[in-house]
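Some notes on the structure that comes next.
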Amino acid sequence: MSTTERTFIAIKPDGVQRGLVSKIIERFEVRGYKLVAIKMVQPTQEHLETHYQDLKTKPFFAGLIQYMKSGPIVAMVWEGLDAVRQGRAMLGATNPLQSAPGSIRGDFCIQTGRNICHGSDSVESANHEISLWFKEDELCSYKHNSQNLIYE
Ligand code: UDP
Ligand code: MG
């Protein structure tokens with residue numbers, strides 16, 4: 001496992017509008033993950049359809065795209081050991097009613113269609129999503145000041 005694993009995490013329009021940006025960022029910061037990219041964006045329909053291309057045939061697809069288009073999104077890349085799997089665990093289950101208390105969705109939202117955040121589900125999809133949402137020069141390479149305190 002690599003300490004340079006990266007995951008794509010996004011705060012969806014409802015998370016932004018509900019004032020949860022700082023709280024969601026804080027979870028990853030205090031855990032010890034390193035922020036390598038962040039921006040606020042209002043993606044096009046086409047961009048969102050590409051992001052969710054695997055779900056194109058699902059009955060909720062059109063509603064999902066409408067939801068994701070309803071306002072700005074905060075897009076981020078977080079780096080660290082097991083970042084993809086831990087990121088998903090920190091977000092909680094897709095359905096917030098099944099998300100454990102202590103997870104982001106378990107603490108801040110109630111319904112699947114308004115579940116405030118996105119996280120990559122594998123290293124492969126993380127790499128794909130990072131390149132879809134960020135240009136290479138938007139990703140920052142630097143050493144975390146606390147690297148030696150977070151890792152053995
Ligand atoms: N979604 C929905 N209804 C469903 C399943 C999913 O509205 O029955 C939405 C929800 O916002 C979810 C997103 O579609 O976060 C992507 O679905 P996925 O199964 O990839 O869940 P995730 O990876 O976000 O946990
Ligand atoms: Mg998914």
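Numbering of ligands and ligand atoms starts at 1, following listing order. Since this is a predicted model, take the numbers as computed values, not measurements. Sequence positions, counted from 1, serve as the residue numbers for this chain.
Residue Trp133 forms a side chain to side chain contact (heavy atoms under 4.5 Å, CB included) with just one option from Glu138, His128, Met76, His47, and that option is His47. Each of Val74, Ile116, Ile24 was scored for a side chain to side chain contact (heavy atoms under 4.5 Å, CB included) with Val16, with one residue passing: Val74.
In terms of modelled atom types and a separation under 3.5 Å, the side chain of Glu49 and the main chain of Ile65 share no donor-acceptor contact. With hydrogens and angles disregarded, a donor-acceptor distance shorter than 3.5 Å links the side chain of Ser122 to the backbone of Ser125.
Closest to atom 12 (C) of ligand 1 among all protein heavy atoms lies Asn115 ND2, 3.6 Å. Atom 10 (C) of ligand 1 has Thr112 O, 3.3 Å as its closest protein atom, hydrogens excluded (heavy atom only). Looking from atom 3 (N) of ligand 1 to the surrounding protein, the closest heavy atom is Phe60 CG, 3.5 Å. Residue, atom and distance of the protein heavy atom nearest to atom 24 (O) of ligand 1 are Arg105 NH2, 3.4 Å.
Heavy-atom distances between His51 and ligand 1 stay at or above 4.0 Å for every pair. Remark: distances from the non-hydrogen atoms of Leu55 to ligand 1 include one below 4.0 Å. The closest approach between Arg88 and ligand 1 falls below 4.0 Å for a heavy atom of the residue.
Proximity of Gln111 to ligand 1, defined as any heavy-atom pair under 4.0 Å, is not found for any part of the residue. At a heavy-atom distance under 4.0 Å, no atom of Lys58 approaches ligand 1.
Ranked by closest heavy atom to atom 14 (O) of ligand 1, the top entry among Leu91, Ile65, Leu64 is Leu64.
Counting atoms of ligand 1 from 1 in the listed order, those under 4.0 Å from a heavy atom of Tyr52 are 16 (C). Residue contact check: Gly113 has heavy atoms under 4.0 Å from atoms 7 (O) of ligand 1.
Note that the NZ atom of Lys34 and the CG atom of Asn145 stand 11.0 Å from one another [nearest 0.5 Å]. Asp14 CG to Ile73 CD1: the interatomic distance, rounded to the nearest 0.5 Å, is 9.5 Å. Separating the CE atom in Met90 from the OH atom in Tyr33 is a distance of 7.0 Å, to the nearest 0.5 Å.
Using a 4.5 Å cut-off on side-chain heavy atoms (C-beta onward), Leu48 and Tyr67 make no contact.
For a threshold of 3.5 Å applied to N or O pairs, the pair formed by Thr94 and ligand 1 contains at least one separation below that value.
Under the 30°/60° scheme for interplanar angles, the aromatic rings of Phe8 and Phe134 are found to stand perpendicular.
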